[in-house]
Amino acid sequence: MLLTRVIKLIKIFLILMFFSLVSGCATTQTVESPDPLEPVNRVSYNFTDTLDVYLLKPVAETYVEYTPELVRTGVTNFFDNLSYLNVVLNSFLQGKIDQGLSDATRFIFNSTIGLAGLVDVGTPIGLPKHDEDLGQTLAVWGAGEGSYIYVPVQGPNSSRDLPDLVSSTLLNPLFYVTGTVLFPLTALNAINKRANLLEATNIRDEAAVDPYTFTREAYLQRRQYLIYDGNPPVEGYEEIFEGEGNTGNEDTGVLQIK
Amino acid sequence: MRSPHIIVKHFFAVILLFFIACSQAEETDATFVVEELHTALLNVMQKAESLDFQGRYDTLAPVIQSRFDIPLIAKVVLSRYWNELDQQKQNSFIELFRRLSIATYASRFDDYTGESFKTISVEQLKKGRQLIKTELISPDSEPVRLDYLMHSIEGKWYIISVIADGVNDLSLKRAEYATIINERGFENLIVEIEKKIKELGDTSTKG
């Protein structure tokens, strides 16, 4: 019964992956702006921001206030470990065999000796945590970024990163949990995730003059950084200085003065 | 066995050489510029108890002003719109951006919990630029990568871009400012930045 359900989901996932690849390749060649869906995205962003201001953020702040840091670290470790099979798979899919083996061993160690993931025993013994997902794999395989998509509640995304929502869900043991424990676990995961993002959103609130654009640019750049495992091509940093000392009329693809 | 006198002499000779080396490095070494900024940041972080926002602002101002190429950054951040401004507006935007940059640092580096900075590597780029990769190490959180894009004018190095964990503050601001200029015009951008500078001073936890 479960097997047929999984097979069915894998089929859907493969189809989604195919479409993402096709649309990713197609869109990058034709679309100049990184955000052709901006009007819709802004609606999603404003909706999520309102929900965040009145519900998610206050709950997360209360959680941080009343939960000892050690407990929060344990909770973060636990959910990180549950989602780690997705990292293992994507390390292999990107051809990082040694990293994949290290990630698989890390998952086994943390799931067993690490008390179901509560304690990160992997990092101290040379099995560091890596950050991989299907969006990064698709990028390594050559798929274009596609359009920026702000998914309500879930947050910033792109058409290349969307299939990861499916793979990370399917590869997370939480997906196969049923019964009464499911709701509290899912809620705790969401609150903890939001709590871990408090610092980032505080920086955004402090620095941004246009929070929507700030979030989009920070997300797209951060993705680029992760795809290249922390060493993106420096041309990306330099290109905005090209043409300096000349006319300064270079086409940026972003700025469109009326 | 050497006499203590000779050892002391050697000691002073080494110290002297060290200072000479440092003073030369100041003008020729891009790493020195970044490390000087880091030292200034650590200094205000450690003194956060006694320095309020204005105190941190005043302490950081000379370092940021002399080590960042703010006129170039201000020009790049406005992109094509820069050329539509007259000289006076360009100058006042440079001044505004300078205040924003200092206020941002003064607001963010407002406490000390054992942080330290580490220079990881120096990369030579085209057009004589350099990329200095560093890390902000903190005992209770993951290290933050801080990369500095540097260029040199008449043998003096300046920071032209800071990239934190892959997020380039300059291109981020450029996109934000473009959005505001397109939707609400340049004058409103100035209003927003002024508001931001005031907020940074007001909401900063210490001061």
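To find a chain, count down the sequence lines: A is the first, B the second, and so on, and within it residues start at 1.
Side chain to side chain, A:N86 and A:D164 meet the donor-acceptor criterion of an N or O pair below 3.5 Å. Side-chain atoms of A:D103 and A:S91 form a donor-acceptor pair, as typed in the model, at a separation below 3.5 Å. Residues A:Q99 and A:E132 bring a donor and an acceptor atom of their side chains to less than 3.5 Å of each other.
Heavy-atom pairs under 4.5 Å with chain A were tallied for B:T104, B:I180, B:L100; the largest tally goes to B:I180. When the candidates B:L170, B:I193, B:D165 are compared by the number of heavy-atom contacts under 4.5 Å with chain A, B:D165 comes out ahead. Note: B:E176 leads B:K173, B:E176, B:K126 in heavy-atom pairs under 4.5 Å with chain A. Heavy-atom pairs under 4.5 Å with chain B peak, among A:A218, A:P232, A:P211, at A:A218.
Between the A:S158 side chain and the A:G146 main chain, no donor and acceptor come within less than 3.5 Å of each other. Under a 3.5 Å cut-off, the side chain of A:N110 and the backbone N or O of A:G117 do not form any donor-acceptor pair. Using a distance-only test at 3.5 Å, with no hydrogens or angles considered, no donor-acceptor pair links the side chain of B:Q130 to the main chain of B:M150.
Here OG of B:S101 is found 11.5 Å from CG of B:L60. Values are rounded to the nearest 0.5 Å.
For A:V234, the part lying under 4.5 angstrom from a heavy atom of chain B is the side chain only. Proximity to chain A involves both the backbone and the side chain of B:L172, based on heavy atoms less than 4.5 angstrom apart.
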Only distances under 3.5 Å count here; give the side-chain donor-acceptor pairs of residues 56-70 of chain A to other protein atoms, sequence neighbours excluded, each with its distance to 0.1 Å.
| unit_1 | atom_1 | unit_2 | atom_2 | d |
| --- | --- | --- | --- | --- |
| A:T62 | OG1 | A:P58 | O | 2.6 |
| A:Y63 | OH | A:N192 | OD1 | 3.0 |
| A:T67 | OG1 | A:Y63 | O | 2.5 |

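Annotation: residues 195-207 of chain A contacts chain B through A:I203, A:D205, A:E206, A:A207 [non-hydrogen atoms, separation under 4.5 Å].
Looking only at side-chain heavy atoms (C-beta outward), A:E38 and A:R216 come within less than 4.5 Å of each other.
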